[in-house]
K.L.:
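Quick one: structure below, then a few questions.
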Amino acid sequence: PPGLEGTMGPMEDRNITFTFSSKEAAMHQFNLKLQIADTEGLNEMHDNSELVVSAEAFSVDVVPEFPNQGTGLAFGDIRVGAVLEQE
C-alpha cells in the first residue's frame, strides 16, 4: 500500500478504515508501519510500531434449484435464530 502521512494533536484519537474486496477466495496480509515524530523535526522518528493487517475472502458459489420451475423461497418474516422449513 502507498505511504500516507498526517499530523495528529496530543492525545488525539484517529480511526483507520480499510476497504477490502476480492473476486476470488484468498488470504491477504501486510504490515502497517506506524512512525511517530514531532512536527518541528527536533527529534528523530521514534516509537515505530508495526500492525499486522489481514483479510480473507471466501468463495460462495450457490445455485439453488427449485422443483416445478420455482423461483425461490417465501418464508415471510423470520426471527433471528428461528428454524423454518418449506416443502
Side-chain angles (χ1 to χ4, degrees):
L4 300 174
E5 295 184 13
T7 304
M8 294 177 61
M11 304 302 290
E12 183 179 346
D13 290 336
R14 202 54 76 89
N15 291 325
I16 301 172
T17 303
F18 296 93
T19 302
F20 169 75
S21 65
S22 180
K23 293 183 179 184
E24 57 188 41
M27 289 276 303
H28 299 277
Q29 182 172 330
F30 68 91
N31 294 336
L32 176 67
K33 191 172 197 177
L34 178 65
Q35 297 178 323
I36 301 170
D38 62 43
T39 55
E40 291 84 19
L42 301 175
N43 294 315
E44 294 182 23
M45 295 274 191
H46 60 282
D47 292 339
N48 293 339
S49 299
E50 280 198 9
L51 306 172
V52 177
V53 178
S54 57
E56 184 173 3
F58 298 92
S59 175
V60 179
D61 189 12
V62 178
V63 180
E65 295 181 10
F66 302 100
N68 302 322
Q69 299 179 349
T71 58
L73 302 174
F75 288 110
D77 294 337
I78 302 173
R79 297 183 74 76
V80 173
V83 176
L84 297 175
E85 293 183 15
Q86 186 176 34
E87 294 183 26

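Position 1 is the first residue of the sequence; numbering continues from there. Fair warning: this is a prediction, and the values are worked out from it, not measured in the lab.
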K.L.:
Going by side-chain contact (heavy atoms from CB on, under 4.5 Å), name the residues that satisfy it together with A26, two or more places apart in sequence or in a different chain.
P.N.:
S22, H28
K.L.:
What residues, two or more places apart in sequence or in another chain, satisfy side chain to side chain donor-acceptor pair (under 3.5 Å) together with E50?
P.N.:
N31
K.L.:
Strictly by salt bridge (Lys or Arg N to Asp or Glu O under 4.0 Å), give each pair with a member in residues 23-36 just once, sequence neighbours left out.
P.N.:
none
K.L.:
Please name all residues satisfying salt bridge (Lys or Arg N to Asp or Glu O under 4.0 Å) with E12, sequence neighbours left out, ordered by chain then number.
P.N.:
R14
K.L.:
How would you list, by chain and number, every residue that makes a side-chain contact (heavy atoms from CB on, under 4.5 Å) with L51, sequence neighbours excluded?
P.N.:
L32
K.L.:
How about Q29 and V53: do any of their side-chain heavy atoms sit closer than 4.5 Å?
P.N.:
no
